[in-house]
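Here's the structure we're looking at; comments come further down.
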Amino acid sequence: STQAEPLVLSRRSDSGKVQILTLNRPKALNALSTPLFDVLNVELEKADADPEVRAIVLTGGDKVFAAGADIKEMKDKTFSEAYSTNFLGSWAKLATIKKPIVGAVAGYALGGGCELALMTDILVASEKATFGQPEITLGIIPGGGGTQRLVKTIGKARAMDLTLTNRKITGKEAYDWGLAARLVPADQSVTEEAVKIAEGIAGFGALAAQAGKEAVNAAGELPLSEGLRFERRLFQALFATADQKEGMAAFAEKRKPTWKHE
Ligand code: CO8
(Lines give C-alpha, C1' and ligand atoms only; values in the text may rest on other atoms or scores of the structure.)
Protein backbone atom coordinates (compact mmCIF):
# COMPACT_ATOMS: atom_id res chain seq x y z
CA SER A 1 0.00 0.00 0.00
CA THR A 2 1.19 3.53 -0.76
CA GLN A 3 -0.82 4.95 2.11
CA ALA A 4 1.26 6.91 4.63
CA GLU A 5 -1.40 6.75 7.35
CA PRO A 6 -1.67 3.39 9.13
CA LEU A 7 -4.76 1.42 8.06
CA VAL A 8 -5.60 0.89 11.73
CA LEU A 9 -4.85 3.44 14.46
CA SER A 10 -3.95 2.03 17.85
CA ARG A 11 -3.91 3.96 21.11
CA ARG A 12 -4.22 3.30 24.81
CA SER A 13 -7.01 4.84 26.93
CA ASP A 14 -6.08 7.29 29.70
CA SER A 15 -6.22 4.54 32.33
CA GLY A 16 -3.81 2.47 30.26
CA LYS A 17 -6.13 -0.54 30.46
CA VAL A 18 -8.03 -0.31 27.19
CA GLN A 19 -6.51 -0.62 23.72
CA ILE A 20 -8.53 1.39 21.21
CA LEU A 21 -8.23 0.22 17.61
CA THR A 22 -9.68 2.47 14.93
CA LEU A 23 -10.19 1.37 11.32
CA ASN A 24 -8.60 4.16 9.31
CA ARG A 25 -9.52 4.33 5.64
CA PRO A 26 -11.96 7.23 5.87
CA LYS A 27 -11.89 8.02 2.14
CA ALA A 28 -13.03 4.48 1.30
CA LEU A 29 -15.55 4.34 4.16
CA ASN A 30 -13.12 2.00 5.96
CA ALA A 31 -13.40 -0.65 3.23
CA LEU A 32 -11.76 -3.81 4.56
CA SER A 33 -8.76 -5.35 2.83
CA THR A 34 -6.12 -7.97 3.50
CA PRO A 35 -3.45 -5.29 4.24
CA LEU A 36 -5.86 -3.71 6.73
CA PHE A 37 -6.42 -7.05 8.45
CA ASP A 38 -2.66 -7.68 8.52
CA VAL A 39 -2.31 -4.51 10.62
CA LEU A 40 -5.44 -5.16 12.70
CA ASN A 41 -4.36 -8.72 13.48
CA VAL A 42 -0.92 -7.62 14.71
CA GLU A 43 -2.53 -5.00 16.96
CA LEU A 44 -5.06 -7.50 18.30
CA GLU A 45 -2.34 -10.03 19.11
CA LYS A 46 -0.21 -7.36 20.81
CA ALA A 47 -3.18 -6.24 22.92
CA ASP A 48 -4.10 -9.82 23.81
CA ALA A 49 -0.53 -10.54 24.93
CA ASP A 50 0.01 -7.31 26.89
CA PRO A 51 -0.87 -7.83 30.58
CA GLU A 52 -1.62 -4.12 31.04
CA VAL A 53 -4.43 -4.30 28.50
CA ARG A 54 -7.66 -5.60 30.03
CA ALA A 55 -10.11 -4.90 27.22
CA ILE A 56 -10.12 -3.82 23.59
CA VAL A 57 -12.33 -1.37 21.68
CA LEU A 58 -12.81 -1.78 17.95
CA THR A 59 -14.27 1.26 16.21
CA GLY A 60 -14.36 2.87 12.82
CA GLY A 61 -14.66 6.29 14.42
CA ASP A 62 -17.90 8.17 14.92
CA LYS A 63 -18.83 8.51 11.21
CA VAL A 64 -18.56 5.05 9.67
CA PHE A 65 -17.67 1.57 10.91
CA ALA A 66 -16.95 -0.16 7.58
CA ALA A 67 -18.82 -0.30 4.26
CA GLY A 68 -17.68 -3.87 3.65
CA ALA A 69 -14.79 -5.62 2.00
CA ASP A 70 -12.88 -3.56 -0.56
CA ILE A 71 -14.80 -4.30 -3.75
CA LYS A 72 -12.16 -2.70 -5.97
CA GLU A 73 -9.46 -4.92 -4.47
CA MET A 74 -11.38 -8.18 -4.96
CA LYS A 75 -13.35 -7.60 -8.14
CA ASP A 76 -10.82 -9.26 -10.47
CA LYS A 77 -9.87 -12.13 -8.17
CA THR A 78 -10.08 -15.59 -9.69
CA PHE A 79 -11.16 -18.70 -7.86
CA SER A 80 -7.66 -20.13 -7.96
CA GLU A 81 -6.20 -16.96 -6.42
CA ALA A 82 -8.88 -16.82 -3.74
CA TYR A 83 -8.48 -20.52 -2.97
CA SER A 84 -4.69 -20.76 -3.04
CA THR A 85 -4.24 -17.68 -0.81
CA ASN A 86 -7.18 -18.69 1.42
CA PHE A 87 -8.83 -15.31 0.82
CA LEU A 88 -10.66 -14.14 4.00
CA GLY A 89 -8.89 -16.83 6.01
CA SER A 90 -6.96 -14.21 8.00
CA TRP A 91 -9.95 -11.90 8.46
CA ALA A 92 -11.46 -13.64 11.48
CA LYS A 93 -8.53 -13.41 13.91
CA LEU A 94 -10.64 -11.09 16.05
CA ALA A 95 -12.92 -13.98 16.95
CA THR A 96 -9.98 -15.86 18.53
CA ILE A 97 -8.87 -13.08 20.91
CA LYS A 98 -9.19 -13.98 24.62
CA LYS A 99 -9.76 -10.48 26.02
CA PRO A 100 -13.17 -8.80 25.86
CA ILE A 101 -13.72 -6.69 22.73
CA VAL A 102 -16.28 -3.89 22.66
CA GLY A 103 -17.34 -2.90 19.14
CA ALA A 104 -18.55 0.62 18.34
CA VAL A 105 -20.66 1.14 15.22
CA ALA A 106 -21.68 4.53 13.83
CA GLY A 107 -22.75 4.96 10.23
CA TYR A 108 -22.36 2.02 7.86
CA ALA A 109 -21.65 -1.53 9.01
CA LEU A 110 -22.26 -3.30 5.71
CA GLY A 111 -21.16 -6.68 4.41
CA GLY A 112 -17.80 -7.52 5.99
CA GLY A 113 -18.30 -4.48 8.24
CA CYS A 114 -21.44 -6.02 9.70
CA GLU A 115 -19.66 -9.37 9.99
CA LEU A 116 -16.68 -7.82 11.79
CA ALA A 117 -19.08 -6.07 14.18
CA LEU A 118 -20.73 -9.46 14.81
CA MET A 119 -17.36 -10.87 15.91
CA THR A 120 -17.04 -8.37 18.79
CA ASP A 121 -18.26 -9.36 22.27
CA ILE A 122 -20.37 -6.35 23.18
CA LEU A 123 -21.65 -4.18 20.37
CA VAL A 124 -22.49 -0.51 20.85
CA ALA A 125 -24.56 1.01 18.04
CA SER A 126 -25.47 4.57 17.25
CA GLU A 127 -29.18 5.12 16.58
CA LYS A 128 -28.16 6.36 13.14
CA ALA A 129 -26.02 3.31 12.31
CA THR A 130 -26.89 1.26 9.21
CA PHE A 131 -26.40 -2.51 9.25
CA GLY A 132 -26.84 -4.76 6.24
CA GLN A 133 -25.49 -7.58 4.09
CA PRO A 134 -25.50 -6.18 0.53
CA GLU A 135 -23.39 -9.02 -0.89
CA ILE A 136 -26.29 -10.31 -2.99
CA THR A 137 -26.21 -7.05 -4.95
CA LEU A 138 -22.64 -7.98 -6.00
CA GLY A 139 -23.33 -11.57 -6.98
CA ILE A 140 -21.80 -13.06 -3.83
CA ILE A 141 -22.81 -14.02 -0.29
CA PRO A 142 -21.43 -12.97 3.11
CA GLY A 143 -18.03 -14.62 3.62
CA GLY A 144 -17.00 -13.46 7.07
CA GLY A 145 -19.40 -15.54 9.14
CA GLY A 146 -22.45 -13.36 8.49
CA THR A 147 -24.83 -16.12 7.52
CA GLN A 148 -23.86 -18.20 10.57
CA ARG A 149 -23.49 -15.51 13.24
CA LEU A 150 -26.62 -13.62 12.16
CA VAL A 151 -28.73 -16.76 12.53
CA LYS A 152 -27.38 -17.33 16.04
CA THR A 153 -27.79 -13.65 16.95
CA ILE A 154 -31.09 -12.52 15.39
CA GLY A 155 -32.66 -15.80 14.21
CA LYS A 156 -33.19 -17.40 10.82
CA ALA A 157 -36.11 -15.24 9.63
CA ARG A 158 -34.27 -11.96 10.05
CA ALA A 159 -30.92 -13.39 8.89
CA MET A 160 -32.56 -14.57 5.64
CA ASP A 161 -34.21 -11.19 5.20
CA LEU A 162 -30.88 -9.35 5.48
CA THR A 163 -29.01 -11.89 3.34
CA LEU A 164 -31.49 -12.27 0.48
CA THR A 165 -33.20 -8.89 0.17
CA ASN A 166 -30.42 -6.35 0.86
CA ARG A 167 -32.61 -4.95 3.65
CA LYS A 168 -30.82 -2.35 5.74
CA ILE A 169 -31.58 -1.89 9.44
CA THR A 170 -30.90 1.05 11.73
CA GLY A 171 -28.91 0.95 14.95
CA LYS A 172 -32.22 1.10 16.82
CA GLU A 173 -33.46 -2.01 14.99
CA ALA A 174 -30.12 -3.75 15.55
CA TYR A 175 -30.55 -3.02 19.24
CA ASP A 176 -34.18 -4.18 19.30
CA TRP A 177 -33.18 -7.40 17.48
CA GLY A 178 -30.38 -8.21 19.90
CA LEU A 179 -27.51 -7.60 17.49
CA ALA A 180 -26.32 -4.60 19.49
CA ALA A 181 -26.12 -4.67 23.29
CA ARG A 182 -26.23 -0.89 23.76
CA LEU A 183 -27.81 1.97 21.84
CA VAL A 184 -26.28 5.45 21.76
CA PRO A 185 -28.24 8.61 20.78
CA ALA A 186 -27.31 10.00 17.35
CA ASP A 187 -25.53 13.04 18.80
CA GLN A 188 -23.25 11.03 21.11
CA SER A 189 -19.93 9.29 20.44
CA VAL A 190 -20.20 5.51 20.10
CA THR A 191 -16.45 5.26 20.61
CA GLU A 192 -16.58 7.11 23.94
CA GLU A 193 -19.44 4.89 25.09
CA ALA A 194 -17.53 1.75 24.04
CA VAL A 195 -14.41 2.94 25.92
CA LYS A 196 -16.54 3.54 29.03
CA ILE A 197 -17.90 0.01 28.83
CA ALA A 198 -14.41 -1.41 28.24
CA GLU A 199 -13.05 0.56 31.21
CA GLY A 200 -15.81 -0.96 33.33
CA ILE A 201 -14.75 -4.46 32.30
CA ALA A 202 -11.09 -3.48 32.83
CA GLY A 203 -11.97 -2.61 36.44
CA PHE A 204 -12.78 -6.25 37.21
CA GLY A 205 -10.43 -9.20 37.53
CA ALA A 206 -8.94 -10.18 34.18
CA LEU A 207 -9.32 -13.94 34.75
CA ALA A 208 -13.05 -13.68 35.49
CA ALA A 209 -13.54 -11.49 32.42
CA GLN A 210 -11.69 -13.96 30.21
CA ALA A 211 -13.59 -16.91 31.67
CA GLY A 212 -16.95 -15.16 31.28
CA LYS A 213 -16.23 -14.48 27.62
CA GLU A 214 -15.05 -18.04 27.05
CA ALA A 215 -18.12 -19.53 28.73
CA VAL A 216 -20.62 -17.35 26.85
CA ASN A 217 -18.90 -18.16 23.56
CA ALA A 218 -19.04 -21.88 24.34
CA ALA A 219 -22.85 -21.61 24.19
CA GLY A 220 -22.53 -21.03 20.45
CA GLU A 221 -20.52 -24.21 19.96
CA LEU A 222 -21.69 -26.81 22.46
CA PRO A 223 -24.90 -28.71 23.17
CA LEU A 224 -26.57 -27.43 26.38
CA SER A 225 -25.44 -30.24 28.66
CA GLU A 226 -21.81 -29.86 27.54
CA GLY A 227 -22.02 -26.08 27.78
CA LEU A 228 -23.37 -26.30 31.31
CA ARG A 229 -20.60 -28.70 32.25
CA PHE A 230 -17.98 -26.40 30.72
CA GLU A 231 -19.41 -23.43 32.62
CA ARG A 232 -19.47 -25.28 35.95
CA ARG A 233 -15.88 -26.47 35.49
CA LEU A 234 -14.69 -22.91 34.77
CA PHE A 235 -16.72 -21.63 37.73
CA GLN A 236 -15.05 -24.20 40.01
CA ALA A 237 -11.63 -23.40 38.57
CA LEU A 238 -11.96 -19.73 39.53
CA PHE A 239 -11.88 -20.80 43.21
CA ALA A 240 -8.18 -21.47 42.60
CA THR A 241 -7.60 -17.77 41.84
CA ALA A 242 -6.49 -14.99 44.17
CA ASP A 243 -9.16 -12.76 42.67
CA GLN A 244 -11.99 -15.02 43.88
CA LYS A 245 -10.59 -14.91 47.44
CA GLU A 246 -10.10 -11.14 47.20
CA GLY A 247 -13.49 -10.43 45.61
CA MET A 248 -15.42 -12.37 48.23
CA ALA A 249 -13.28 -11.14 51.17
CA ALA A 250 -13.84 -7.56 50.01
CA PHE A 251 -17.59 -8.13 49.92
CA ALA A 252 -17.60 -9.59 53.44
CA GLU A 253 -15.42 -6.74 54.74
CA LYS A 254 -17.52 -4.08 52.96
CA ARG A 255 -14.56 -2.68 51.00
CA LYS A 256 -13.51 -2.45 47.37
CA PRO A 257 -11.52 -5.38 46.01
CA THR A 258 -7.95 -4.95 44.80
CA TRP A 259 -7.60 -7.32 41.89
CA LYS A 260 -4.36 -9.18 41.33
CA HIS A 261 -5.47 -10.66 38.02
CA GLU A 262 -4.22 -14.03 39.17
N1 CO8 B 1 -15.14 -1.22 -1.31
C2 CO8 B 1 -14.37 -0.31 -1.95
N3 CO8 B 1 -14.62 1.01 -1.92
C4 CO8 B 1 -15.71 1.44 -1.26
C5 CO8 B 1 -16.57 0.54 -0.60
C6 CO8 B 1 -16.24 -0.85 -0.63
N7 CO8 B 1 -16.98 -1.79 -0.01
N8 CO8 B 1 -17.58 1.24 -0.03
C9 CO8 B 1 -17.35 2.52 -0.33
N10 CO8 B 1 -16.23 2.66 -1.07
C11 CO8 B 1 -15.63 3.90 -1.60
C12 CO8 B 1 -16.39 4.38 -2.80
O13 CO8 B 1 -15.99 3.70 -3.95
C14 CO8 B 1 -16.00 5.83 -2.81
O15 CO8 B 1 -14.71 5.95 -3.35
P16 CO8 B 1 -14.40 7.07 -4.50
O17 CO8 B 1 -14.58 8.38 -3.77
O18 CO8 B 1 -12.99 6.77 -4.88
O19 CO8 B 1 -15.40 6.85 -5.57
C20 CO8 B 1 -15.91 6.19 -1.34
O21 CO8 B 1 -15.74 4.94 -0.64
C22 CO8 B 1 -17.16 6.85 -0.80
O23 CO8 B 1 -18.27 6.01 -1.10
P24 CO8 B 1 -19.57 6.54 -1.91
O25 CO8 B 1 -19.22 7.70 -2.78
O26 CO8 B 1 -20.22 5.37 -2.55
O27 CO8 B 1 -20.44 7.06 -0.66
P28 CO8 B 1 -22.03 7.16 -0.58
O29 CO8 B 1 -22.30 7.90 0.67
O30 CO8 B 1 -22.59 7.67 -1.86
O31 CO8 B 1 -22.54 5.64 -0.44
C32 CO8 B 1 -22.55 3.39 0.44
C33 CO8 B 1 -22.23 4.89 0.68
C34 CO8 B 1 -24.06 3.21 0.25
C35 CO8 B 1 -22.07 2.64 1.66
C36 CO8 B 1 -21.81 2.92 -0.83
O37 CO8 B 1 -20.46 3.31 -0.75
C38 CO8 B 1 -21.82 1.43 -1.03
O39 CO8 B 1 -22.82 0.88 -1.46
N40 CO8 B 1 -20.69 0.74 -0.74
C41 CO8 B 1 -20.55 -0.69 -0.95
C42 CO8 B 1 -21.31 -1.47 0.12
C43 CO8 B 1 -21.19 -2.96 -0.13
O44 CO8 B 1 -21.68 -3.49 -1.10
N45 CO8 B 1 -20.52 -3.67 0.82
C46 CO8 B 1 -20.34 -5.10 0.74
C47 CO8 B 1 -19.01 -5.44 0.12
S48 CO8 B 1 -18.82 -7.20 -0.13
C49 CO8 B 1 -18.27 -7.79 1.38
O50 CO8 B 1 -18.19 -7.06 2.35
C51 CO8 B 1 -17.88 -9.24 1.47
C52 CO8 B 1 -17.56 -9.66 2.90
C53 CO8 B 1 -16.26 -10.42 3.02
C54 CO8 B 1 -16.04 -10.96 4.41
C55 CO8 B 1 -15.46 -9.98 5.39
C56 CO8 B 1 -15.06 -10.67 6.69
C57 CO8 B 1 -14.86 -9.71 7.85
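Predicted, not measured: the structure shown is a model, and the values here were computed from it. Sequential numbering from 1 along the given sequence is applied to the chain's residues. All ligand and atom numbering here is 1-based and tracks the order in the structure.
- For atom 57 (C) of ligand 1, the closest non-hydrogen atom on the protein side is Gly112 O, 3.6 Å.
- How far CE of Met248 is from CZ of Phe239: 4.0 Å, rounded to the nearest 0.5 Å.
- Protein heavy atoms are absent from the space less than 4.0 angstrom from atom 25 (O) of ligand 1.
- For ligand 1, the polar-atom distance check finds no N/O of Ala31 at less than 3.5 Å from any of the ligand's N/O atoms.
- Within 6.0 Å of NZ on Lys152 lie no more than 12 heavy atoms contributed by other residues, nucleotides or ligands.
- Of the candidates Leu29, Leu110, Leu88, Ile136, the one placing a heavy atom closest to atom 53 (C) of ligand 1 is Leu88.
- By the criterion of a heavy-atom distance under 4.0 Å, neither the backbone nor the side chain of Thr137 is placed next to ligand 1.
- A distance of 9.0 Å separates CG of Asn41 from CG of Leu36, quoted to the nearest 0.5 Å.
- Using a non-hydrogen distance threshold of 4.0 Å, Ala28 registers as a contact of ligand 1.
- Relative orientation of the Tyr83 and Phe79 rings is parallel, given thresholds of 30° and 60° on the angle between their planes.
- Between Ala67 and ligand 1, at least one N/O pair is under 3.5 Å apart.
- The nearest non-hydrogen atom to atom 6 (C) of ligand 1, considering only Ala69, Ala117, Gly143, comes from Ala69.
- You'll find the side chain of Pro142 reaches within 4.5 Å of the side chain of Thr163, heavy atoms only.
- Salt-bridge check for Lys93 with Asp48: failed, with every basic side-chain N at 4.0 Å or more from each acidic carboxylate O.
- Of the possible polar contacts, one joining the Asp62 side chain to the Thr191 backbone as a donor-acceptor pair under 3.5 Å is found.
- Remark: ligand 1 and Ile71 share an N or O pair separated by less than 3.5 Å (distance only, no angle test).
- Protein non-hydrogen atoms do not reach within 4.0 Å of atom 38 (C) of ligand 1.
- Checking atom 28 (P) of ligand 1 against the protein gives no heavy-atom contact under 4.0 Å.
- Contact annotation for atom 48 (S) of ligand 1: protein present (non-hydrogen atoms, distance under 4.0 Å).
- For ligand 1, the polar-atom distance check finds no N/O of Pro134 at less than 3.5 Å from any of the ligand's N/O atoms.
- Contact of the Glu221 side chain with the Glu226 side chain is not registered, since no non-hydrogen atoms from C-beta on lie closer than 4.5 Å.
- If you check each of Lys72, Glu115, Lys27, Met74 against atom 52 (C) of ligand 1, the one with the closest non-hydrogen atom is Glu115.
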